[in-house]
Amino acid sequence: MRLALSACAPFSLQAIITSHGWARLSPFFVEHQTAALGRVERLSTGRVVELIIREAGDGVTVETPDRLEGFEREEVARKVWWMLRLGEDLSPFYEAVREEPRLAHLEREGIGRILRSPTVFEDVVKVLLTTNTTWDRTVRMVEALVTQYGDPLPTDPSRHAFPTPDQLAAVREEDLRAIGVGYRAPYLIDLARRVADGEVDLEQLKDDNLPADRVRRLLQDLQGVGEYATALLMVLVGRYDAIPVDTVARERVSQEWYGGRPVGDEEIDRAFARWGEWKGLVYWWWPWSRDTGCKKQEAECR
DNA sequence: GGTAGACCTGGACGC
DNA sequence: GCGTCCAGGTCTACC
């Protein structure tokens, strides 16, 4: 089966794949030879399929070896639409950065979109697994979680979809610790249980009309989600005025604007304040002149 | 409100 | 080979 989906111009699938490390996190995978983004996906019916996404025409094609029913095709299209932000019109962003020579290439090269998971739940789990650890460990933790608890792909049972909230909610804390997530185990189980029970509706965060304060409060109410994780998740759901301030950001901004002296959150915010609602996206795509902060998270260095 | 220490793991380093 | 230190973001106890 093959689906064709169009995107708001300018568009570059390659730019999305390299937008951050998410494409390296299971169940995403990258076919480097064909420049395709792949993913093992569990549909709402419980069916597990492999999706291969390639750039084509004014958007992408989505291929799967499986024959899908009409409603399944709609679900796949909806998910890919969200993951790649196909409907996002970034022209106001490009307009805002047009006067900045170091960002002028973004529009020309179709850079701006950031890869995200099909569900906010999956992104919250992955962000939790990026905190207080190195990138390589994040990759291993996500891989272990997917392999242990996600549904297998029928045609290749060694590969799995991302586990659902119900599946993670049923896991024992000691079993999660055993796969290496450490102290994050109770946070993950608490999150999965609250989502599975309907106490927390993370998918409502996809709604642009939800007030930013409410989005922030809902995220910060989750165990293990602090200021950095909240800001990163806000950017992922499309709230581009948030800056994920971690040690990498601190060091980069310190070197770029403050002569290497230690900086606080306010100074980081001030450095990007002139881009207003787009400052988080400007931070994301800023061409850092020094190779600071990439000692550990090499996969995220562009 | 601000600060210190614990959480957890793997890599780097010294012996 | 072994022990120690360090890095990462969040939470909690304490002042």
Side-chain angles (χ1 to χ4, degrees), chain A residues 20-22 24-26 114 116-117 120-149 168 171-195 199-200 202 205 213 215-237 239 241-256 260-269 271-272 279-280 283-284 288 290-302:
Chain A
H20 60 144
W22 248 221
R24 277 187 59 200
L25 294 181
S26 194
I114 299 165
R116 58 189 168 190
S117 305
V120 180
F121 170 73
E122 181 177 329
D123 274 340
V124 174
V125 170
K126 287 177 171 174
V127 167
L128 268 173
L129 296 179
T130 67
T131 60
N132 200 23
T133 190
T134 58
W135 178 250
D136 285 343
R137 265 199 69 209
T138 296
V139 173
R140 281 197 291 273
M141 285 190 276
V142 173
E143 181 67 35
L145 206 62
V146 169
T147 304
Q148 288 288 322
Y149 304 114
L168 275 189
V171 178
R172 293 185 311 166
E173 183 180 324
E174 53 265 39
D175 293 335
L176 262 192
R177 284 183 185 270
I179 65 168
V181 304
Y183 70 92
R184 302 168 193 80
Y187 298 161
L188 292 176
I189 290 174
D190 178 65
L191 170 74
R193 286 183 182 158
R194 290 173 71 185
V195 173
E199 182 193 331
V200 172
L202 289 176
L205 302 185
D213 278 355
V215 176
R216 192 181 300 275
R217 276 203 308 276
L218 195 151
L219 290 169
Q220 285 186 326
D221 188 42
L222 303 173
Q223 280 270 302
V225 176
E227 285 190 27
Y228 159 76
T230 297
L232 179 52
L233 285 162
M234 289 193 71
V235 170
L236 288 177
V237 297
R239 309 288 177 145
D241 60 339
I243 301 177
V245 179
D246 58 1
T247 50
V248 176
R250 225 172 278 284
E251 193 174 341
R252 282 172 167 175
V253 173
S254 163
Q255 296 289 342
E256 193 82 10
R261 73 170 173 80
V263 295
D265 292 0
E266 285 181 15
E267 285 152 309
I268 293 173
D269 201 70
F272 291 92
K279 60 179 185 272
Y283 165 74
W284 199 281
W288 302 97
R290 293 174 178 81
D291 189 26
T292 55
C294 294
K295 295 185 288 271
K296 297 201 168 289
Q297 312 247 347
E298 288 174 17
E300 291 191 309
C301 291
R302 294 180 291 274

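None of the values given here were measured: they were computed from a predicted structure.
- Heavy atoms of A/Arg140 sit under 4.0 angstrom from primed sugar atoms or phosphate atoms, though from no base atom.
- Here B/dC7 presents its C1' atom at 15 Å from CG of A/Leu129, a figure rounded to the nearest Å.
- Following rounding to the nearest Å, A/Arg137 (CZ) and B/dT9 (C1') show an atom-to-atom distance of 4 Å.
- No more than 12 heavy atoms of other residues, nucleotides or ligands shown are found within 6.0 angstrom of CD on A/Glu266.
- Qualifying side chain to side chain contact (heavy atoms under 4.5 Å, CB included) partners for A/Asp241, counting only residues two or more places apart in sequence or in other chains: A/Arg239, A/Lys279.
- In this structure, A/Thr133 contributes its side chain and A/Thr130 its backbone to no donor-acceptor pair below 3.5 Å.
- One can place CZ of A/Arg250 at 13 Å from C1' of C/dG8, the figure rounded to the nearest angstrom.
- As judged by a 4.0 angstrom heavy-atom cut-off over every strand, A/Arg184 is placed among residues making no nucleic acid contact.
- The side chain of A/Thr247 contributes an N or O atom lying less than 4.0 Å from OP1 or OP2 of C/dG8.
- Applying the side chain to side chain contact (heavy atoms under 4.5 Å, CB included) rule to A/Ser254 yields the partners A/Val263; only residues at least two apart in sequence or on another chain are considered.
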Item checked: Steps toward salt bridge (Lys or Arg N to Asp or Glu O under 4.0 Å) verdict (A/Asp221, A/Arg194) -> CA-CA 11 Å; A/Asp221 188 42; A/Arg194 290 173 71 185; 2.9 Å; yes

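- When rounded to the nearest whole Å, the span between CD of A/Glu251 and P of C/dC6 equals 17 Å.
- Rounded to an integer number of Å, the gap from CG of A/Leu128 to C1' of B/dC7 is 14 Å.
- The side chain of A/Arg177 places an N or O atom within less than 4.0 Å of a non-bridging phosphate oxygen (OP1 or OP2) of B/dC8.
- A/Trp135 and A/Trp22 have parallel rings, their planes meeting at less than 30° on a 0 to 90° scale where 60° marks the start of perpendicular.
- Note that the two end axes of the helix from B/dG1-C/dC15 to B/dC15-C/dG1 enclose an angle of 40°, each drawn from 5 base pairs, rounded to 10 degrees.
- By the side chain to side chain contact (heavy atoms under 4.5 Å, CB included) test, A/Ile189 is found to be paired with A/Glu173, A/Leu176, A/Arg193, residues two or more places apart in sequence or in another chain being considered.
- Taking atom CE of residue A/Met141 and atom C1' of nucleotide B/dG10, one finds them 11 Å apart after rounding to whole Å.
- Taking atom CD of residue A/Glu143 and atom P of nucleotide B/dG10, one finds them 15 Å apart after rounding to whole Å.
- A salt bridge does not link A/Arg252 to A/Asp246: none of the charged nitrogens lies less than 4.0 Å from a carboxylate oxygen.
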Given protein heavy atoms under 4.0 Å, the one-letter contact record of nucleotides 10-15 of chain C, with B base, S sugar-phosphate only and - none, is simply SS----

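- For A/Glu122, the salt bridge (Lys or Arg N to Asp or Glu O under 4.0 Å) criterion is met by A/Arg39, A/Lys126, not counting sequence neighbours.
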